[in-house]
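What follows is a set of notes on a single structure, which appears directly below.
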Amino acid sequence: MPSAKTWKSLGQSQPWTGNPSLHGKRMLARHFPLNHRIFSRSTGSTIRHLSSQASSNVFKSKHNQEIVDLLLTYKEEEERSDEPNYYRAQAFAKAVYAVLKVDRPIRTGLDLREVQGVGPGIVTKINAHLLASDADLRDKGCATTLFLARVSLTGLLDPESYKLLMDHRTVSELDKIPGIGPVTAKKLAEAGCQCLEDLKSGRFVHLLKGKQGIKLKYAGHLECAIRRNEAEEVLHFCRESLGPEYDVNLVGEYRRGFVSLSEIRMMISHPDFVHIPLPHKPVQQPTASVAKKPRTTRKSKEGKTNLLHSDIVPLLLQRGLLADTLSVDTTSWKGVARLPGPVEVWGDRVDRISSIGKVDGDFRKISLHLVPQRSQGSSMIVLTGDDHFVQDICYRAQQRGMLFNEYGLWKWTVPSPISTPEMEPSSSSSLPAPSDPTTDTGYWSLINSTTESDIFQELEMPFVDPTKRNFSFISYRTKTTSKKKRSILP
DNA sequence: ATTAAACA
DNA sequence: CACTGTTTAATA
């Protein structure tokens with residue numbers, strides 16, 4: 001039954017079903033069922049059995065049947081899983097077609113690296129299969145004369161392929177480590193680094209740069225999902241540490257109601273931090289939006305320090321919450337925090353710091369954002385997300401001749417009362433824009449937007465609950481509000 | 001899972 | 001500023 005399902009679903013869901021060459025193959029399969037495969041498989045494990053049946057119907061490869069079968073197995077496995085990923089299943093199907101086009105024996109997955117439709121994932125899977133199969137046969141002492149016949153087809157590997165596969169395996173192992181991609185992994189492997197432990201030993205630190213080293217230090221921690229209560233505990237810790245003048249809140253995924261978070265994101269404001277920079281350029285027209293970024297030299301701005309870098313971060317470091325820095329910006333800090341747990345187990349500051357030194361405990365990604373008090377509403381929207389939703393807000397503002405950013409909602413105003421020439425009547429916006437933002441003779445001024453509600457109101461939209469701020473909300477809006485154009489930028 | 005494009 | 005590498009979004 002599963003076999004039928006496999007080829008059936010594959011055939012039905014594919015536009016290539018009518019491919020005449022496939023009909024030919026199907027006929028062929030009927031006349032010569034499985035015969036050349038009799039010796040090509042070792043112990044008939046269940047999956048292999050099923051998959052070979054499946055493939056015997058349609059997908060027949062002269063040299064690479066084993067790989068085709070393997071891919072079909074993966075496809076089926078994906079389809080039968082609890083939460084099937086259509087695209088992943090499809091990717092396996094695509095790979096099958098790609099392999100069918102290869103008219104020579106494939107020794108290792110590496111032979112497929114240039115083939116369109118076969119990516120690094122499948123290459124790795126094929127190699128893993130070959131290695132496992134190889135080990136399996138050796139264990140069983142099956143390298144006897146009977147099996148030697150099929151060595152050239154599949155099964156036992158020649159020494160050269162074996163080494164290639166082992167090397168490739170270490171590379172893809174290292175590739176899994178966050179912050180390390182295929183290139184770095186290759187460098188490391190060439191230097192003799194074989195696994196995570198080797199890398200942690202520190203012998204290869206010189207090959208890593210920037211964030212890579214830090215991410216490595218917390219490998220196994222940073223990719224862990226964060227529970228809501230863990231974020232709340234960090235929040236509590238921060239509030240206790242920073243004192244009453246600070247306003248600290250959890251934003252991002254937490255505020256959107258996610259059960260588990262990929263990072264802890266906090267918005268902080270303080271009465272002393274009030275600087276709101278003006279938007280640089282008068283306009284960002286969708287057409288020529290590739291505008292060059294303003295020539296503001298980065299140093300002049302970053303030279304200035306603010307509460308975040310002078311007070312907040314140093315304090316939380318001293319208190320044994322923050323462990324390492326990943327990146328800094330003028331108003332934000334991203335890094336690693338050690339989860340303090342509930343108050344009862346916070347323990348002593350010194351102990352926490354020594355734990356951090358030993359990488360003892362649970363470490364998670366965290367980002368801190370210092371926002372001006374008057375911009376709390378807009379910053380809240382931006383930092384809560386998600387990106388689609390914020391983009392939509394920006395677009396709505398633009399439609400009304402306004403500008404939205406993390407500092408607020410801005411209106412273009414011209415000093416002189418002289419009307420600007422009508423250049424381009426903004427498409428669907430029936431509202432009279434205060435003035436034309438394309439003129440050079442004006443400036444952005446902030447409209448009251450201290451709370452989220454202010455902004456929603458100004459943009460003529462209902463308050464959107466944080467948990468609804470995602471793509472589905474936007475598509476709902478676009479479908480139901482017929483007059484408005486798509487709210488998402490193309 | 002793959003790919004192309006965006007991002008650092 | 002180009003280059004390299006990493007992350008993200010789309011895919012039917």
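Labels below follow one simple rule: chain letters A, B, ... track the order of the sequence lines, proteins then strands, and each chain is numbered from 1.
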Nearest listed nucleotide, side chain of A:Asn85, among B:dT2, B:dA1, C:dA12 = B:dA1
Kindly point out which of C:dT7, C:dA12, B:dT2 is positioned nearest to the side chain of A:Lys215?
-> C:dT7
[X] side chain N/O closer than 4.0 Å to the phosphate oxygens (OP1, OP2) of [N]?
X	N	answer
A:Gln116	B:dT3	yes
A:Lys125	B:dA1	yes
A:Lys334	B:dA8	no

Confirm from the modelled atom types if A:Tyr87 and C:dA10 form a donor-acceptor pair under 3.5 Å, side chain to base only.
-> no
Is the number of heavy atoms from other residues, nucleotides or ligands within 6.0 Å of CD (A:Gln194) greater than 12?
-> no
Counting distance only, does the side-chain N/O of A:Glu233 pair as donor-acceptor with the main-chain N or O of A:Pro340 below 3.5 Å?
-> no
Flag, side chain of A:Asn306 to backbone of A:His309, donor-acceptor distance under 3.5 Å = yes
Atom [atom1] of [X] to atom [atom2] of [N]: distance rounded to whole Å?
X	N	atom1	atom2	value
A:Phe92	C:dA12	CZ	C1'	18 Å
A:Asp386	C:dT8	CG	P	13 Å
A:Leu326	B:dA8	CG	P	14 Å
A:Arg113	B:dT2	CZ	C1'	16 Å

Within 45° cone of A:Tyr162 ring axis and under 6.0 Å: A:Arg169 NZ or CZ | no
